[in-house]
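Inspection log for the structure reproduced underneath, given as structure tokens.
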Amino acid sequence: MLCGTMNGGAAHCFILIFLAVGVTELCLAGPLHAQCKVQWYFGIPCQTVYESLVLQIRQWETMAGCRQGGQRCLYKLQSASVHFIAAKHISPLKKYKDSLHFRLVPYYFFTFCHVSAMSISETWYVIKDHGTNYCNLYNLIEGSGLTEARGYKEITSDFLCTQRSSANCTVF
């Protein structure tokens with residue numbers, strides 16, 4: 001008998017129900033650490049996607065892109081090949097650091113490109129980020145013009161991206 005009436009059984013039962021509901025809510029809310037995972041599909045070759053992303057990261061290395069507000073600045077290319085790009089982003093005000101990774105995989109006779117991307121906060125205690133990790137990735141895709149590429153498609157969710165549905169990428 002899990003929730004018996006002896007020895008504080010009602011209180012024990014309440015605690016079990018409270019914990020079960022809390023754990024369920026946490027699991028449905030998405031990641032337990034501020035991060036974002038996105039899948040993009042492009043009807044263009046990975047070489048073109050690669051060149052566009054690397055160029056955009058390099059263009060936004062300084063504070064210049066943040067003078068108008070937002071966070072389209074302070075990106076730093078860590079490594080790059082036609083199949084994998086690693087970068088960092090630092091938020092201009094609070095100096096939070098995020099790690100970005102893009103995996104580029106050609107498909108359909110190497111004429112199309114599938115990109116798996118992830119941004120994760122390096123600060124261990126960050127749980128909510130107002131969609132910052134989503135914007136770290138999306139801003140590069142949009143800034144490089146890839147949102148206008150033939151066959152562009154994005155797949156993600158609030159479960160995969162912390163607070164994605166409330167993200168305002170003109171601010172973050």
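Side chain of H114 to backbone of Y107: no donor-acceptor contact under 3.5 angstrom is found. No side-chain donor-acceptor contact under 3.5 Å links T123 to the backbone of V126. Remark: the backbone N or O of G43 is paired with a side-chain donor or acceptor of R150 at under 3.5 angstrom.
A donor-acceptor contact under 3.5 angstrom links the side chains of S116 and Q39, judged on distance only. In this structure, a donor-acceptor pair under 3.5 Å is present between the side chains of S165 and D158. T162 and D129 share no side-chain donor-acceptor pair at under 3.5 Å.
Annotation: cation-pi geometry not satisfied between R103 and F84 (NZ/CZ under 6.0 angstrom from ring centroid, within 45° of ring axis).
Within the structure, side-chain hydrogen bond (donor to acceptor under 3.5 Å, both in side chains) contacts touching residues 50-63 (residues at least two apart or in different chains) are Q47-E51. The disulfide bond (SG atoms under 2.5 Å apart) pairs that include a residue from residues 110-145 are C46-C113, C135-C169, where partners are two or more places apart or lie in different chains. Residue pairs meeting the side-chain hydrogen bond (donor to acceptor under 3.5 Å, both in side chains) criterion with at least one member in residues 80-94, sequence neighbours excluded: K88-S99, K88-E122, H89-N136.
The distance from the OG atom of S119 to the CZ atom of F102 is 8.0 Å, given to the nearest 0.5 Å. Note that SG of C66 is 6.5 Å distant from CD of Q71, once rounded to the nearest 0.5 Å.
In this structure the side chain of Y75 reaches within 4.5 angstrom of the side chain of L100, judged on heavy atoms. At least one side-chain heavy atom of R164 sits under 4.5 Å from a side-chain heavy atom of T156. Between P92 and M63, the closest side-chain pair of non-hydrogen atoms falls below 4.5 Å. For the pair I44/T111, no side-chain contact is recorded, criterion being any heavy-atom separation below 4.5 Å from C-beta on.
If you chain together hydrophobic residues whose side chains sit under 4.5 Å apart, L77 and V49 fall into the same group. Residues M118 and Y96 do not share a hydrophobic cluster, defined by chaining ILVMFWY side chains whose heavy atoms lie under 4.5 Å apart. L74 and L140 are members of different hydrophobic clusters when ILVMFWY side chains are connected at heavy-atom separations under 4.5 Å. Note: the hydrophobic cluster containing L104 also contains V54 (ILVMFWY, side chain heavy atoms under 4.5 Å, direct or indirect links).
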Working for side chain to side chain contact (heavy atoms under 4.5 Å, CB included), residues H33 and S121: CA-CA 8 Å; H33 181 76; S121 296; 3.9 Å; yes
Derivation and outcome, side chain to side chain contact (heavy atoms under 4.5 Å, CB included), residues Y138 and V38: CA-CA 9 Å; Y138 178 78; V38 183; over 6 Å; no
Chi angles and distances behind the side chain to side chain contact (heavy atoms under 4.5 Å, CB included) call for W40, I141: CA-CA 9 Å; W40 281 294; I141 297 294; 3.5 Å; yes
Step-by-step side chain to side chain contact (heavy atoms under 4.5 Å, CB included) determination, I155 to Y41: CA-CA 9 Å; I155 299 173; Y41 293 87; 3.7 Å; yes
Steps toward ring pair (Phe, Tyr, Trp, His ring centres under 6.0 Å) verdict (F172, H130): CA-CA 8 Å; F172 295 108; H130 306 288; 5.8 Å; yes
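A side-chain contact (heavy atoms from CB on, under 4.5 Å) with D98 is found for exactly one of T132, L137, I120, I90, namely T132.
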